[in-house]
Amino acid sequence: MYTVFDQFTRRTADVTAQLATHGIPLTAPAAPPAAPDDPWAPSRPVPVDRSTLAWCTAVTMLADHHHTPIGRQIPAADALLRENGIRGLATLHSDLHHGAPVDYRFTRCPYCSGIGEDPTRPTCQDLGCPSWREDDGHGHLCPVCHGDDYQPQWFAETHMADLGQLLADAIKNMAPLRTRLGPWLYRRARSS
C-alpha cells in the first residue's frame, strides 16, 4: 500500500541513484580548512551526508530552479546544509522566491510536501524531547514550514471573505467623507 511518506523515500532514491550513476560519493568531502584568524570559521567540520532527505531536497530545488542537472548543484547543496542544516531549506526557498517570505499555508513545503510533520519521523530520543512528552504521542513538526497547514483553497476563501469585509467597511466609511468633500470638489471643478 502506498503512503504519503513513500514519496520521500522515492525522492531520496532517485537522487542517490543519479549520484551513483555519475560516480559521485554519498558523503561530501570535508570543507577546506579555514584561516586560523577567521572569526567566522566553524569550530569543527560538519560532514554532509548526500543520502539524506534534506540534501536531496536542496539539490532538487536548486536544479529545478536553475534548470540544470543535479550534478551542477552539488557544491551549493553541500554548502547550504553544511552552513545552515535543514533550516537552510526555508532560507533557500525564500531566496528562490526573490527573498520574499514564503507563506506555507499557500505554498507547498519543499521538505515535507505540505503534511506539516517531519518527514524523517524522528523519535523523541533523536530530538531530545522531555521525558514527560515521550509517551503522549505528540507529533514532530517539519523544521522548514513549522507545521503550517497547507490548504490554499480553504485559506484563500477565508482570506477573500476577510478582504471583502474590509472593503465593505472602507466603502461604508467613505460615504460621509464624500458628502463632506462633495461641495468643495464641485466648487473647485467649476472654478477651474
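- Nearest approach of Arg11 to Cys56, heavy atoms of both residues: O-CB, 4.4 Å.
- By the rule that hydrophobic residues join a cluster once side-chain heavy atoms approach within less than 4.5 Å of another member, Val102 and Met61 end up as members of one cluster.
- Residues Thr12 and Ser51 come closest through the heavy atom pair CG2-O, 3.1 Å.
- Hydrophobic clustering of Ile, Leu, Val, Met, Phe, Trp and Tyr side chains at less than 4.5 Å, counting indirect connections, keeps Leu80 apart from Ile70.
- Under a hydrophobic clustering in which Ile, Leu, Val, Met, Phe, Trp and Tyr are joined whenever their side-chain heavy atoms come within less than 4.5 Å, directly or via other members, Trp55 and Ile86 fall into different clusters.
- In terms of heavy-atom proximity, Arg50 sits nearest to Thr27 at NH1-O, 4.1 Å.
- Neither Leu141 nor Leu53 shares a network with the other; the hydrophobic side chains, linked directly or stepwise wherever heavy atoms of I, L, V, M, F, W or Y lie under 4.5 Å apart, form separate groups for each.
- Between Ala77 and Ala58, the closest heavy-atom pair is CB-CB, 4.2 Å.
- What you find for His93 and Tyr104 is that their closest heavy atoms are ND1-OH, 3.0 Å.
- Of all heavy-atom pairs spanning Val144 and Tyr111, the tightest one is CG2-CB, 3.7 Å.
- Side chain of Arg105 to main chain of Asp149: no donor-acceptor pair is present (N/O by atom type, distance under 3.5 Å, no hydrogens or angles).
- A donor and an acceptor atom, one from each side chain of Asp14 and Gln18, are nowhere located under 3.5 Å apart.
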